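Keep in mind the model is a prediction, meaning the values are calculated, not measured. Every number for a ligand or one of its atoms is a count from 1 in the order of the listing.
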Amino acid sequence: MSKQTDYNVVAATKYVANGKRNAMTMDIERIFGENTFGLEEMKSRLPKSVFQSILATIEKGDPIDSNIADTVAIAMKEWAVERGVSHFTHWFQPLTGSTAEKHDSFITPNKGGGAVAQFSGKDLIQGEPDASSFPSGGLRATFEARGYTAWDPTSPAFVIENQNGSYLAIPTAFASWTGEALDHKIPLLRSMQAVDKAARRVLKLFGVKGVHRVMSTVGNEQEYFLVDEEYFYRRPDLINTGRTLFGTKPPKGQELDDHYFGSIPDRVLSCMLETEKELYRLGVPVKTRHNEVAPSQYEIAPIFETSNIAADHQQLTMLTLQRVARKYGLVCLLHEKPFAGVNGSGKHNNWSIATDTGMNLLEPGDTPHDNAQFLFFCAAVLLAVHRHQDLLRAAVASAGNDHRLGANEAPPAIMSVFLGEQLEDVFNQIVKGSTKSSKQGGLLGLGVPALPHLPRHAGDRNRTSPFAFTGNKFEFRAVGSSQTVSMPNVILNVIVAEALDHMAAQLEKKLSGKKKNKQTFDSAVASVISGVIKEAKPIIFEGDNYSEEWHKEAEKRGLLNLRTTVDAFATLVEKKNIGLFEKYEVLNKTEVHSRYETWLEQYATTLNIEAETTLTMARTMIMPAAVDYLNELADTLASASSAGLKLAGVQKMAKSVGGLVDKLHEGIGKLEKAAAHIGGDDALAHAKYMRDKVLPAMAAVRDAADELEKIVPHDTWPLPTYTEILFVK
Ligand code: ADP
Ligand code: MG
């Protein structure tokens, strides 16, 4: 029996449904949030005044009163200890994009030689992880070597369970001692404040009363692959880089579209159910699951929440998907492009803004006045996207996402907005008729009839658009599957805040001095919207974003096409962008530079790991297999010739294997040479070098190897094939 068959048998039979039904434990009402120290738990455990103080912080954004920290800490510890918790950690989000934790035990020895569990307000509020190994893009050199973590009371602490014990995780921000943000959470919180302030300025002009806070809301659809761990372990590329660096297209791919929304295989469903159960217990409101387009690809989506909580929960979702998968002999791949020639994974970022009174500002209303307000906010988003295409593109840039954006499965690197026919038409009418409107005064007062009720998810949803209006929210589709959603939402919040301020200022100007009757207000609103749409019009596109014509058309319209991560990151430090971040106090110049440096370095490092892995696999796995086969053919020819046979076919085969071995050898040599250099001392030069010299050299090695995979005997080929990885479930 061949090696491959052995593995197939192991993989396919490894999962044995145990026959016991655990379904009864999925009592959603009982388990939801049971592993979080949320509001209910706090209310029942804290003195009333302390609870009120915490509530004011969580709901109104009041600063945390440090005097209550000890009381909260004791209650939190008691709650945790009841759940078998022995350790706690500040849980934070450094610039790597993943989460970080360092566990400390509650243990405090006492005099009698015993020990008690202790946890103080100080432990809760502030921690000091050794920050020196986290990327800071030069921030630490300029400032302090150490960073500190600070409790975020707006995001509930939670318990992570293991069969041998549990620990308490406390969501925290991570900053330098001089106050620079070293993480993803701080800018997100700051950007939420920016959009809050700007949106309230607009609402005031519209005469909306009783709103104390406006919050950005986010719901992320997460795509991922589940593959059998046997195959994962046998692929150094998957282990090291999260994607396959070799592999020919399988005879059957996704062409039949038989996987999308298909029935979910048993083992996978079991895994999903446990994942969802764990997420419920952590208070993550996951809602939807289905098969995605590619074989072995799936999606999970929650009900939306405020950005900060959604971002924390998104991280928990990725962690839980990966942890639970292992229990089922599966590995969850979050990489944007694990398999060439097969669809990659994204993470649609559904975004809106809502008031604390429950009004979704991107939902068309029922009255003309509400509609005018909706159109105003909607126009602000258009303006924001048009003015800041570069930042949106940078927000989704990564080495992984470069394989996906523009690859005819995900939106191209060109930003544009899909509005849907109806809404686009309404805006067009405003542009045409705004001057008339004050005369007519009628209906919407904006020169258009009252907005027809826009169905959520109108039938013509454009799947190729990077940024689509979907009835009551915008869906940013270019986000990569493995990335933190913080940065995309920081950018969305800050650019929309700026657009709202810009429009509010115009409206204020038009209204100032005038007697504010309904007519002047309506015509002022119409003229602001009209001006904005005229400016932002080039960003609106309803057609096929994958088409060649669109690329030409977009160029004519003057839209940016930042093809690669390097092009996109380079724009971060442009003066206008630093100015924007500084104006809204989301990032200062140093913080922007630190991100620029860190992310370029991360890009280069990712490619370097890929290059080294390519080399190792090519030299130690693929080349030996190819040479073995060549040897076998040569032996056959030698014995054939001594028997007086010619075997022309075998001769040809030996020739083509020999040719490919040479090609592979040459490719390896070139890649070795390219990877031996870094191409400059600054981060940008280094990243460019990796993109322009190393990446193509890797591709050449892969080409030769993938050709060999097609002809080298299956039982000699050292790597599991795409067919096995994608179709054994
Ligand atoms: P799709 O057809 O794109 O999968 P869904 O209705 O399933 O659409 O919604 C996708 C995501 O959008 C969900 O996570 C949902 O919670 C989120 N969403 C819905 N309304 C809002 C909103 N107002 N703000 C942010 N996200 C939202
Ligand atoms: Mg979807």
(request) State plainly whether the residues R563 and D402 are in salt-bridge range, i.e. N to O under 4.0 Å. (result) no
(request) Kindly confirm or rule out an N or O of T288 lying under 3.5 angstrom from an N or O of ligand 1. (result) no
(request) Below 4.0 angstrom from a heavy atom of K473, which ligand 1 atoms are there? Numbered from 1 as shown, please. (result) 12 (O), 18 (N), 19 (C), 20 (N), 21 (C), 27 (C)
(request) Show which atoms of ligand 1 fall inside a sub-4.0 Å distance from at least one heavy-atom site of G219. (result) 14 (O), 25 (C), 26 (N)
(message) Polar contacts were defined as any N/O atom of the residue lying under 3.5 Å from an N/O atom of the ligand; does this apply to V218 and ligand 1?
(response) no
(request) Mind checking whether L362 contacts ligand 1 via backbone (N, CA, C, O), side chain (CB onward), both or neither, at a 4.0 Å heavy-atom cut-off? (result) neither
(message) Please confirm whether the ring centroid of W550 lies under 6.0 Å from the ring centroid of F541.
(response) yes
(request) Just go through M215, R463, E221 and tell me whose heavy atom is the nearest to atom 4 (O) of ligand 1. (result) E221
(message) Between F225 and F339, is the ring centroid distance below 6.0 Å?
(response) yes
(request) Return the option from I303, N360, N220, N349 holding the heavy atom at the smallest distance from atom 23 (N) of ligand 1. (result) N360
(message) Test of understanding: with side chain to side chain contact (heavy atoms under 4.5 Å, CB included), list the residues that count as partners of A504, not counting sequence neighbours.
(response) R201, V202, L205, E508
(request) Before accepting this row, confirm whether a basic side-chain N of the pair E274/K327 lies closer than 4.0 Å to the acidic partner's carboxylate O. (result) yes
(request) State whether the shortest distance between N or O atoms of E299 and N or O atoms of ligand 1 falls below 3.5 angstrom. (result) no
(request) Would you confirm whether the ring centroid of F304 sits within less than 6.0 angstrom of the ring centroid of W351? (result) no
(message) Is it the case that ligand 1 has an N or O less than 3.5 angstrom from some N or O of P302?
(response) yes
(message) What I want to find out is whether E34 reaches R281 closely enough, with some N-O distance under 4.0 Å, to be called a salt bridge.
(response) yes
(request) Look at ligand 1 and say whether E363 reaches it with a heavy atom at a distance under 4.0 Å. (result) no
(request) For residues F158 and F37, establish whether the separation of their ring centroids is below 6.0 Å. (result) no
(message) Using a 3.5 Å cut-off on N or O atoms only, is W351 in polar contact with ligand 1?
(response) no
